[in-house]
Amino acid sequence: MNQILSTVPQPKKGGKKKKNKASLNVSSDSKKVTRVFAIILLLFGIFIIGSGSYALYKGESTENEQIATLNKPVISVESVDETGSTILLKVTSEIGIDKVVYQWNDANTTTLSANGSKYFEQKIQVPNGTNNLNINVTDIQGQEGTYSKKYEVNSNIMLEATDEGKIRITYEGTAEISYLTYRWDDQEEQRIDINDTIIDTQIDTLSGKHTLTVIVVDVNNNTETKVQQINGVSIPVIDISFNSDYTSYVIKVTDEVELSEVIVTLDEDESKKYGQKLSGKEFQFEIPLKEGDNKMKVEVYNSDDQKAQRMVKFTK
C-alpha cells in the first residue's frame, strides 16, 4: 500500500499553477453582455425622449388647429322685411375679416372688402323666385367660413321687355305708392315718383346680361322688392336727314352692339329693294331724290337679330 500511495505524482516545488481558461472566458462574455445592455438602454432612452417630443409637438399642433377652428368667421343671415325680399348678412371674427363674397345661383360673384374689421354687415336683395345663396368669408389669416341657403320670394312687381328695347314696370298696390327706385347691377339708384296705387312705367335697358333691382315704397313706408336678371338687347337707331341742297336723303344707322344689315325699299316697290351687309356700330349713306314723291322705308338689323324700321316721304 505504501508503494501505491507513493506513485501519485506530486507537484514540483517552485512550479507555476496553470491558469483557469474557462473562468477567464466567462468574465469576458459578461463584459460584452454588459456593454450591449448599456447600448440598448441608451437607444431606448433616446426613443422615449423622441416619442415624448413628438407627442408634445403633435399635441401643440392639434391644439393650434382647434384654436384656429374656433376662430373661423361666424356668418348669420336674418330677414329685414315681411316679404323676405331683403336679408341682412352679419359676419363676426375674433381675428379680423378680409373679404366677403356672395353669389346667387351660378351668377357672377359680388366681393365686399371688410378691411380687417371684426364685425361686418350688408343688406342683400333677394331675387324673385327660388334661388340659392352661397357666401364665403375669409379672415386676415386666410381662414374661411361658408354659408349656403335656398330662398323663395314672390313679388307683385312685373318686369317685361318691350319691342322698343325698354323694360316695362307694372305694379298694383293696396295703398298709395310714393315712389319706386331701380338700379342696374351696382350702378347709382334712380327714383321715379308715383303717387298712385298703380305703376305702369318704362325704363331704358342695357344691352347684355345685367341684374335689375326694383323697389316699390308706399305711403306707409312698406317696401316690396324684385331682383331679376335681364338679358337686355340693343335696338338699332335710324336717323334720316337731307344733304345741304336737298338732292339726297342722308341715312345714318347706329347700334350699341353691332350692325349686321340695312335694307332700303323705295316707293313701296319690291323691285326697288336694296340690301347691304354691315359690320361695326355706325354706317352712313345717301339715296338720291327724284322729282315728285320720294317714299323710302329703311330696315336695320343688329347682331342680336333686333330690328328697327323707319318710313319717310318727301316731295321734291
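Residues: numbered from 1 along the sequence shown. All values below were derived from every heavy atom in this structure, side-chain atoms included, with hydrogens, water molecules and symmetry-related copies excluded. From a predicted model like this one, the values you see are computed outputs, not experimental measurements.
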d(Asp196 CG, Glu172 CD) to nearest 0.5 Å is 9.5 Å
Query raised in the report: So, do Ile87 and Tyr151 sit near enough that their side-chain heavy atoms are less than 4.5 Å apart?
Result: yes
- For Glu224 and Tyr171, run side chain to side chain donor-acceptor pair (under 3.5 Å): C-alpha distance rounded to whole Å, both residues' side-chain angles, the deciding distance at 0.1 Å, then the answer. CA-CA 10 Å; Glu224 189 165 337; Tyr171 177 83; 3.1 Å; yes
query: Is it true that Glu94 and Lys118 have a side-chain N and a carboxylate O under 4.0 angstrom from each other?
result: no
Between the OG atom in Ser303 and the NZ atom in Lys281, the distance rounded to the nearest 0.5 Å is 9.5 Å
Q) Taking 4.0 angstrom as the limit, do Asp193 and Arg191 come out as a salt bridge? A) yes
In short, Val227 meets Gln125 closest at the heavy-atom pair CG2-CB, 3.4 Å
Does a donor on one side chain sit under 3.5 Å from an acceptor on the other, for Ser93 and Asp139? no
- Do Val312 and Val250 share a hydrophobic cluster (ILVMFWY, side-chain heavy atoms under 4.5 Å, transitive)? no
* Are Asp269 and Thr265 linked by a side-chain donor-acceptor pair shorter than 3.5 Å? -> no
Correct closest heavy-atom pair for Val216 and Ile177 would be CG1-CG2, 3.5 Å
Between Gln276 and Tyr274, does the side chain to side chain donor-acceptor pair (under 3.5 Å) criterion hold? Intermediate values first, please. CA-CA 7 Å; Gln276 182 173 335; Tyr274 309 97; over 6 Å; no
All heavy atoms of Lys90 vs all of Leu88, minimum pair found to be CE-CD2, 3.4 Å
Under 3.5 Å: donor-acceptor pair, side chain of Asn302, backbone of Leu259:
no
Note: Tyr249 and Lys313 closest approach over all heavy atoms is OH-C, 3.7 Å
Q. Looking just at side-chain N and O atoms, do Ser148 and Asn134 make a donor-acceptor pair shorter than 3.5 Å?
A. yes
- request: Would you mind checking if Glu299 and Lys307 are paired as a salt bridge, meaning a charged N to carboxylate O distance below 4.0 Å?
  value: yes
Quiz item: Would one find more than 12 heavy atoms of other residues, nucleotides or ligands at under 6.0 Å from atom NZ of Lys123?
Solution: no
query: If only atom types and distance count, is the side chain of Asn294 paired as donor or acceptor with the main-chain N or O of Phe314 below 3.5 Å?
result: yes
Scanning both residues in full, the closest heavy-atom pair of Ile203 with Ile192 reads CG2-CD1, 4.1 Å
What about Tyr102 and Val126, same hydrophobic cluster or not, with Ile/Leu/Val/Met/Phe/Trp/Tyr joined at side-chain heavy-atom distances under 4.5 Å?
yes
